[in-house]
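First up is the structure itself, then whatever we jot down about it.
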Amino acid sequence: MQDSTRYVDRIVVPYSPRIVVVYAGDNDIMGTPSEQIVIAFERFVRAVHAKLPETKILYIGIKPSLLRWNQVDRMRQANAMIRQFCERDDRLGFVDTDNAMLGWDEKPRKELYVADGLHLTPAGYQILNALVRPFLVPAQPPAAAGSSASR
């Protein structure tokens with residue numbers, strides 16, 4: 001997450017995006033306290049909004065994984081704090097990946113991860129796509145009464 005903030009002027013600002021989708025923190029969870037990941041995200045948000053105040057930022061929550069299952073409590077703590085931060089600003093959104101990646105036993109679904117237990121398979125990316133897409137597709141206006149679309 002800190003690298004994302006450090007390079008915001010290179011990887012975000014020149015493009016003046018309408019929305020920025022951020023997935024960071026998965027590697028940080030191994031040695032960085034949850035609170036520090038949250039602080040780094042808050043710094044990222046401030047850095048983007050200082051130059052692009054209208055840009056929306058969508059944070060994809062740190063996903064549970066087979067490899068890092070022993071860190072799940074810290075991951076969930078970081079996600080909860082980031083979600084709370086996002087709820088205070090209409091320009092921010094949070095995508096919860098936790099439940100979608102878990103099976104009936106409440107552990108990561110093996111078929112969603114490649115052999116390393118960390119990176120996603122195509123099936124895992126399909127789930128991630130489904131979670132993110134609603135934030136990226138603009139809402140369609142309702143069809144006007146009497147138009148062929150409403151018949």
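Along the sequence shown, residues carry numbers from 1. These values consider heavy atoms only, across backbone and side chains, with no hydrogens, waters or symmetry-generated copies.
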Legend entry - Pairing of D105 and K107 as salt bridge, 4.0 angstrom limit: no
Inset, instruction - Kindly give the heavy-atom pair with the smallest separation between M1 and I37, and that separation in Å. - result: CG-O, 3.9 Å
Inset, instruction - Inspect the surroundings of CD in Q2 and state if more than 12 heavy atoms from other residues, nucleotides or ligands are less than 6.0 Å away. - result: no
Inset, instruction - To the nearest 0.5 angstrom, please state how far the CG atom of L120 sits from the OH atom of Y113. - result: 6.0 Å
Inset, instruction - For R74 and T32, indicate whether the former's side chain and the latter's backbone hold a donor-acceptor pair under 3.5 Å. - result: yes
Inset, instruction - Mind running side-chain contact (heavy atoms from CB on, under 4.5 Å) on L136 and I19 for me, showing each step along the way? - result: CA-CA 8 Å; L136 303 180; I19 188 167; 3.9 Å; yes
Inset, instruction - Would you give the length of the straight line joining atom NE2 of H49 to atom CZ of R91, rounded to the nearest 0.5 angstrom? - result: 4.0 Å
Inset, instruction - Mark yes when over 12 heavy atoms from residues, nucleotides or ligands other than E111 sit less than 6.0 Å from its CD; otherwise mark no. - result: yes
Legend entry - Which atom of S65 lies closest to which atom of L118, heavy atoms considered: OG-CD1, 3.7 Å
Legend entry - T121 side, atom OG1; R109 side, atom CZ - distance, nearest 0.5 Å: 9.0 Å
Legend entry - Which atom of V21 lies closest to which atom of I60, heavy atoms considered: CG1-CD1, 3.5 Å
Inset, instruction - Report the distance from atom CG of N79 to atom OG1 of T97, rounding to the nearest 0.5 Å. - result: 6.0 Å
Inset, instruction - Heavy atoms only: give me the nearest A47-V8 pair and the separation to one decimal. - result: CB-CG1, 3.6 Å
Inset, instruction - Keeping the roles fixed (side chain from R68, backbone from D26), state whether a donor-acceptor pair exists under 3.5 Å. - result: yes
Legend entry - Atom CZ of R43 with >12 non-hydrogen neighbours under 6.0 angstrom: no
Inset, instruction - Search all heavy atoms of D96 against all heavy atoms of L131 and return the closest pair with its distance. - result: O-CD1, 3.7 Å
Legend entry - Test side-chain contact (heavy atoms from CB on, under 4.5 Å) applied to L128 and Y23, step by step: CA-CA 11 Å; L128 198 57; Y23 183 75; 5.9 Å; no
Legend entry - Residues, nucleotides or ligands: over 12 heavy atoms within 6.0 Å of N70 CG: yes
Inset, instruction - Drop me the distance from R18's CZ to T55's OG1, to the nearest 0.5 angstrom. - result: 10.0 Å
Legend entry - Atom pair CE (M81) and CZ (F41), whose distance is rounded to the nearest 0.5 Å: 12.5 Å
Inset, instruction - List the atom of A24, the atom of I62, and the distance in Å for their closest heavy-atom pair. - result: O-CG1, 4.1 Å
